[in-house]
Amino acid sequence: MKNNLLRIGSRGSELALWQAQWVQRKLSEQNAGLEITIQIIKTKGDKILDSPLSTIGDKGLFTKEIEQALLKNEIDLAVHSLKDLPTELPDGLRIGAVCEREDVRDVFIPHPTNPVRKLLQQRRGAKIATGSLRRKCQLLNMRRDFEIIDIRGNLNTRLKKLEESDWDGMILAHAGVARLGWEKRIGETLDALVMLPAVGQGALAIEVRNDNDKTIEFLQPLHHQQTAQATSAERALLGRLEGGCQVPIGIYARVEMNANDENELRLDAFAGSLDGTTMVRGRIHGNPDESAVLGKQLAETLLAMGADRVLHQIRQKTSGLAAIQVGV
C-alpha cells in the first residue's frame, strides 16, 4: 500500500468484479479519503474454456496469477470466491478476512422454454448442465437417468449457452445468481443437505501479504467470525482429503444454536464416485473454536468408511484424462 492508495486484484468476470466492487465500497465507507482501485488479472482458468476442470488440474486455477501479482507488490489485496482458493496458500500470503457468507445453496435454472421448475420433476433423460463433478455425482445419485452436460465459462456465458441449447436446465450457485440479480431465473433452490455445496461456497476471501499489517487492519470490519469458523472446517476437510475440482466432494458447515443455547458447529460432508453410484457421507458437531480439528476428524471418518478407495479410483481416471488432453 502506497500513498493512501489501496489496490485490489480481481478476475474480470462480471461476478468477480461485483465481488471486488463490493469490497471496494465497504472499505471506502469505513476509510474516508482512501483511494481504492481495482486491477483486472486474467487467470489460467479464464483462458482455458474448452476443457472440463477435471482434466486441466485445479491448483490455483483461478488464483495463481493474482497471487503472483500480490507477491510482487503490484496489488495490495485479492478478492476471491473462497471456493476457488486452494487450501494451501503460497509462502508469504494469508487470508486477511472472510466475509459473511451468502446463501450457500445451489439452484436449478430451467431452460426459458421449460415449464417444469423443480429439478426432480424433470422428464426422464433430462439434460442437466454443470461444470462440477460434485454436482454431477449428487445429481446421478438422485436420478440415474439424468444426462449430465459439462459446461464451462462465467455465469453470463453459461446462461447464454443454456438459452441456445436443448438442455432442460442447469445447476448454479445461488450466491452468484443473486449477486448478479438473476433470481427470477431460479426454478428451485435446492436444500443444502440434499445437494451439499462446494467447500467455501457463497463466501468471499480477501487474500493479503503476511507483512501488510496496514491492509490487514483495514479488512477487520469485513471479517465474519462464524463464516470463518464454518469455512475453516470445510477447508480442513478438503485439505485432508486432498480434494478439489477433480473429485466429487461436498460439505456444509454452519454455526447454529444447540439445545443448551450455545453455538455449535455442525458439518455434513460426502465424497462420491464420478457416476454417483457410490457416496460416502458423514456428519460431526462440536465447538466452533475447534473448527479445523472437526473438519479433519470428519475427513478421517469418511476415509475410514471407504472414501479413500473412491477418491483413489477417481484420481486414476482423471489423471489419465489430463494426460490425454495435453498429449502425453
Side-chain angles (χ1 to χ4, degrees), residues 45 48-58 61 83-84 105-114 116-174 176-177 185-199 201 243-252 269-281 307 310-311 313-322 324-325:
I48 304 176
L49 298 175
D50 57 353
S51 298
L53 293 177
S54 58
T55 66
I56 58 178
D58 62 312
L61 192 60
K83 66 183 179 63
D84 293 335
R105 295 173 293 177
D106 282 331
V107 294
F108 174 65
I109 309 287
H111 190 282
T113 64
N114 181 3
V116 183
R117 310 292 289 175
K118 303 277 189 181
L119 174 64
L120 294 182
Q121 292 177 6
Q122 299 303 306
R123 66 183 176 89
R124 183 165 183 78
K127 296 180 179 180
I128 310 297
T130 176
S132 161
L133 294 182
R134 167 188 63 84
R135 291 177 180 137
K136 178 181 178 180
C137 173
Q138 293 182 94
L139 284 168
L140 291 175
N141 187 262
M142 294 176 194
R143 287 254 312 257
R144 295 288 300 155
D145 65 286
F146 278 152
E147 180 182 347
I148 307 301
I149 308 296
D150 188 80
I151 186 170
R152 288 286 316 282
N154 59 44
L155 291 186
N156 305 67
T157 300
R158 295 186 189 204
L159 285 171
K160 187 171 187 296
K161 287 181 178 179
L162 174 64
E163 292 168 358
E164 297 172 348
S165 74
D166 63 349
W167 310 334
D168 296 270
M170 68 168 48
I171 307 293
L172 296 172
H174 187 287
V177 174
R185 301 287 300 270
I186 296 173
E188 180 183 14
T189 300
L190 306 174
D191 190 313
L193 293 176
V194 174
M195 176 70 79
L196 285 173
V199 171
Q201 184 161 308
C245 296
Q246 298 185 49
V247 293
I249 294 172
I251 182 171
Y252 177 34
F270 90 94
S273 60
L274 295 174
D275 62 4
T277 58
T278 302
M279 287 186 66
V280 180
R281 182 163 175 157
V310 174
L311 297 177
Q313 291 171 356
I314 291 171
R315 291 189 182 101
Q316 285 185 318
K317 290 180 180 179
T318 53
S319 62
L321 287 172
I324 293 170
Q325 283 284 332

Not counting sequence neighbours, which residues clear side chain to side chain donor-acceptor pair (under 3.5 Å) with R117? List them please.
none

Looking at every non-hydrogen atom in both residues, tell me the closest pair between R124 and D145 and how far apart they are.
CA-OD2, 3.4 Å

List the steps, then state whether side chain to side chain contact (heavy atoms under 4.5 Å, CB included) holds for M195 with L139.
CA-CA 8 Å; M195 176 70 79; L139 284 168; 3.9 Å; yes

Does the side chain of S273 come within less than 4.5 Å of Q313's, by heavy atoms?
no

Determine whether K136 and F146 make a side-chain contact, defined as any pair of heavy atoms from C-beta on separated by less than 4.5 Å.
no

Nearest heavy atoms of G187 and P110, plus distance in Å:
N-CD, 3.5 Å

Euclidean distance, D168 CG relative to F108 CZ, rounded to 0.5 Å
6.5 Å

Compare all side-chain heavy atoms of R152 with those of T157 and state whether any distance is below 4.5 angstrom.
no

Looking at G153, is its backbone amide N or carbonyl O close enough to the side chain of R158 to form a donor-acceptor pair, meaning the two atoms are under 3.5 Å apart?
yes

Criterion side chain to side chain contact (heavy atoms under 4.5 Å, CB included) on D275 and R144, from CA distance to verdict:
CA-CA 9 Å; D275 62 4; R144 295 288 300 155; 4.1 Å; yes

Side-chain contact test, heavy atoms from C-beta onward, threshold under 4.5 Å: evaluate it for L190 versus I171 and give yes or no.
yes

Contact summary for L196 and I251, nearest pair of heavy atoms:
CB-N, 4.2 Å

L120 side chain near M142 side chain, heavy-atom distance below 4.5 Å
yes

Verdict with reasoning, I128 to R135, per side chain to side chain contact (heavy atoms under 4.5 Å, CB included):
CA-CA 10 Å; I128 310 297; R135 291 177 180 137; over 6 Å; no

How many angstroms lie between OG in S132 and CD1 in I151, if you round to the nearest 0.5 Å?
12.5 Å

Can you find a pair of side-chain heavy atoms, one from L162 and one from H111, that are under 4.5 Å apart?
yes

Tell me the closest heavy-atom pair linking R134 and F270, and the distance in Å.
O-CZ, 3.9 Å

Compare every heavy atom of G276 with every heavy atom of L140, then report the nearest pair and how far apart it is.
CB-CA, 4.2 Å

Determine whether P197 and D106 make a side-chain contact, defined as any pair of heavy atoms from C-beta on separated by less than 4.5 Å.
no

Hey, what do you get for CD1 (I186) to CD1 (I109), rounding to the nearest 0.5 Å?
5.0 Å

Take K127 and D166 through the side chain to side chain contact (heavy atoms under 4.5 Å, CB included) test and state the conclusion after the steps.
CA-CA 8 Å; K127 296 180 179 180; D166 63 349; 2.9 Å; yes

If only atom types and distance count, is the side chain of R143 paired as donor or acceptor with the main-chain N or O of Q122 below 3.5 Å?
yes

Atom of P248, atom of L274 and distance for their closest heavy-atom approach
CG-CD2, 4.1 Å

Under 3.5 Å, side chain of E188 to main-chain N/O of L119, donor-acceptor pair present?
yes

Contact check, side chains of R185 and V107, non-hydrogen atoms, under 4.5 Å
no

